[in-house]
Structures are given as structure tokens and as C-alpha cells.
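What follows is a set of notes on a single structure, which appears directly below.
Nothing here was measured: the structure is a model prediction, and the numbers come from that model. Quick note on labels: first sequence line is chain A, next is B, and so on, each numbered from 1.
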Amino acid sequence: MPELPECEAARKRIADGALNRTIEGFSLGEVSHVELPSEEDRARFIGTQFTRTRRHGKYIFIGSKDGPWLHIHLGMAGSVRVMENDADLADYIRFTVEFEGGTRLHFRDPRKFGKVTVVEDVDDFIADKGLGPDALEIGDNAFADTIGKTRGAVKSALLSQKKLAGVGNLWADETLYRTGIDPDATANTLEQAKVSEMHANMQSILQAVVDTNATYAKLPDDWLIHHREEGEACSRCDGTIAKKTVGGRTSYYCPEHQAGAS
DNA sequence: TTTACTGTTAGGAC
DNA sequence: TGTCCTAACAGTAA
């Protein structure tokens, strides 16, 4: 369930378990329709080690020593696991990196929307994709300049990876819920102070989820994440949670305290 | 059996 | 040129 915090948790797992081990080989599962590195590209890693990781928005990179990077995108349902052995190998493993000594890095992706590719230079990759600044790093001014100037719905702006990298459907809803903004509100009609408040809330939400390693049960009860269902009681006022489609995505919100500004 | 889904992107409409 | 919206992608689960 990968947005920025989930990807950061995955990056940490990789950094903790898969660095500084010699790569012996790779194995592939059922991979029709899944984009993975060619045999030629995979061969470039054999005998080398991963020594560093990076993440930008929802994109994860694992750097090999003096060589290319393995880029992982988790798509809609992807995840990664580092395991010492294959005792309880899960279903839907599409791609595995095998290290000396039996450690394995698994890329699991039931829905096949994720991908693994080889990237020569991470900054070039980010530039080529046209990704905006990472959502945890963007400053208040830059946020106001991009999100605050968008002519469309504020939620669509938050979801645009070109403006801001890392926010997806769940945490966009959470941010708007806490800030009290209707997802449909036109972004460039919001008051400056409201945009600034949204920026602060977004980063505090993302950081809090990162701090729990994206374990939702550890998040406070009054967060929208625990009430994403039509008819649930709002945890911030006496309203009722409703659902509507904004920018093609399902949005949960409280019509009572999330004001429209369009 | 039908419907919805936490991401990305090509193509079309303004 | 830029911006925005929709549909499609593949598979599972409710």
C-alpha cells in the first residue's frame, strides 16, 4: 500500500538488510506483464554489492558500488522483504536478489503494477520523469508556489507527482481532513494561511506515518485512516464521513468541517 | 457475478 | 504550450 511513508519503510528495510552483501544472482517468479531488468542488466550486478539507498517520492533506489542503481516502484500493491531463507516464501514474488550467505531481497507484487528497472543516475532519472520535490522536503514557499497556484481541485494538485512527489490518495485525504479543506476546493482560491497550514499538516502526517514504519494501527484513533467509510462518525466534529470522486479517485471527507473554497 | 482498489501514464479536451 | 481529466493497465477480494 505504497505512498511515500510506505516506500520509506521499504527503503529502510532494504538499507537494514540488503547492503554490503555480495550479489550472487537473481530469480524471477511469474512475471508476465511485469517490467523487470533484462538478463544483461542483471548480470551487471553479479559479484557487486549494494552500498546505499535513496528514495524520492514513491521511487526507491538501491545503489551498487560504483555501478548502476536498481530502481523499484511498488505500484498499487507492491512490497519488499528481506529474508534470511525461503522458509515461508510468500505468493506473488516477482523478483528476487540473492546474496552470498542466503539472504534474499524479494519484490512482491500481486497486482503487477510495480516495476524494477536499472537506472544509471538517480538525479537524471528524477529530472527525466519530471518529478516535483519530495513531499517531506518541499519548503513552505515552494509548496505555495506549486500547489497554491493550481487552477484545479486541491486534491488533484496534491496527487500530481510532477508538482509534489510522494503523496497518494490516502495521505492526500488525511491532509485535507485535518486541514479542513474540501478535496474539490479550487487550489488557487484557498487563503495563503490555509495553504501554509496544509503544507505543515501534510509533512507532519507523512513524518508520523514514517515514524511508525507505516503501521497504521499505531496511528491516533482520530485520523481519517481509521474512518474511511461512508456513514462513519467524523472524529473532528459532529459530522458524518462521506465519499465522492475527485480527479478520478475515491475521496473520503467530512462535508461538515471540510470547507469548499471554489 | 460485480465492483472497487493506496499508482502511473497515454491520449484527448480545453 | 500548459493543464487537467479519463480510461486503461492486472489481479484480487469483498
Side-chain angles (χ1 to χ4, degrees), chain A residues 1-11 28-36 55-60 71-80 90-95 107-117 119 125-126 128-132 134-135 145-177 183-189 202 205-206 208-210 212-219 223-231 241-253 262:
Chain A
M1 307 134 217
E3 298 180 35
L4 184 152
E6 294 79 8
C7 293
E8 178 61 14
R11 187 201 63 76
L28 280 59
E30 194 282 289
V31 295
S32 58
H33 299 102
V34 183
E35 187 180 343
L36 296 173
R55 180 195 54 75
H56 188 92
K58 305 170 190 170
Y59 297 78
I60 301 165
H71 150 58
I72 298 179
H73 195 285
L74 300 176
M76 284 279 257
S79 61
V80 298
D91 291 334
Y92 314 120
I93 303 291
R94 308 297 178 191
F95 185 76
F107 168 63
R108 179 176 185 270
D109 186 16
R111 281 181 75 185
K112 299 181 169 178
F113 278 156
K115 62 170 74 168
V116 180
T117 65
V119 167
F125 176 89
I126 292 166
D128 288 348
K129 282 259 182 223
L131 295 177
D134 185 82
D145 266 355
T146 50
I147 304 301
K149 281 186 184 165
T150 302
R151 295 192 291 274
V154 60
K155 172 156 176 185
S156 304
L158 289 174
L159 292 180
S160 164
Q161 304 299 299
K162 290 185 164 48
K163 299 181 196 300
L164 184 69
V167 174
N169 200 34
L170 246 47
W171 307 123
D173 276 1
E174 195 75 52
T175 298
L176 296 168
Y177 181 75
D184 252 337
T186 305
N188 66 5
T189 63
M202 172 189 79
I205 286 165
L206 293 175
V209 184
V210 166
T212 66
N213 252 319
T215 307
Y216 299 168
K218 291 185 185 168
L219 297 170
W223 282 35
L224 179 63
I225 186 76
H226 302 302
H227 309 277
R228 289 179 70 83
E229 198 163 345
E230 260 182 311
I241 302 300
K243 174 173 130 171
K244 66 178 167 182
T245 302
V246 179
R249 319 231 46 110
T250 303
S251 307
Y252 291 91
Y253 72 114
S262 49

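Here B:dC5 presents its P atom at 5 Å from OH of A:Tyr252, a figure rounded to the nearest Å. Counting to the nearest Å, the P atom of B:dT6 and the NZ atom of A:Lys58 are 11 Å from each other. Straight-line distance from the OH atom of A:Tyr92 to the P atom of C:dA10: 16 Å, rounded to whole Å. If you take CD of A:Glu35 and P of B:dT9, they are 10 Å apart, rounded to a whole angstrom. For the pair A:Ile72 CD1 and B:dT8 C1', the interatomic distance rounds to 17 Å; values are reported in whole Å.
If you check every strand for non-hydrogen atoms under 4.0 Å, A:Lys149 touches nothing. The residue A:Ser156 sits close only to the backbone: its heavy atoms come under 4.0 Å of sugar-phosphate atoms, none of a base. Within 4.0 Å (heavy atoms only), A:Arg249 reaches at least one base atom of the nucleic acid.
With hydrogens and angles left out, the side chain of A:Arg111 and the base of B:dC5 share a donor-acceptor pair within 3.5 Å.
In this structure, A:Asp134 pairs ionically with A:Arg55, as a charged nitrogen and a carboxylate oxygen lie closer than 4.0 Å.
Within the 4.0 Å cut-off from OP1 or OP2 of C:dC4, not a single side-chain nitrogen or oxygen of A:Lys162 is found.
Closest to the side chain of A:Phe113, from the set B:dC5, B:dT6, C:dC9, is C:dC9.
Partner of A:Lys155 under the side-chain contact (heavy atoms from CB on, under 4.5 Å) criterion, out of A:Leu176, A:Asp184, A:Val167, A:Thr175: A:Leu176 alone.
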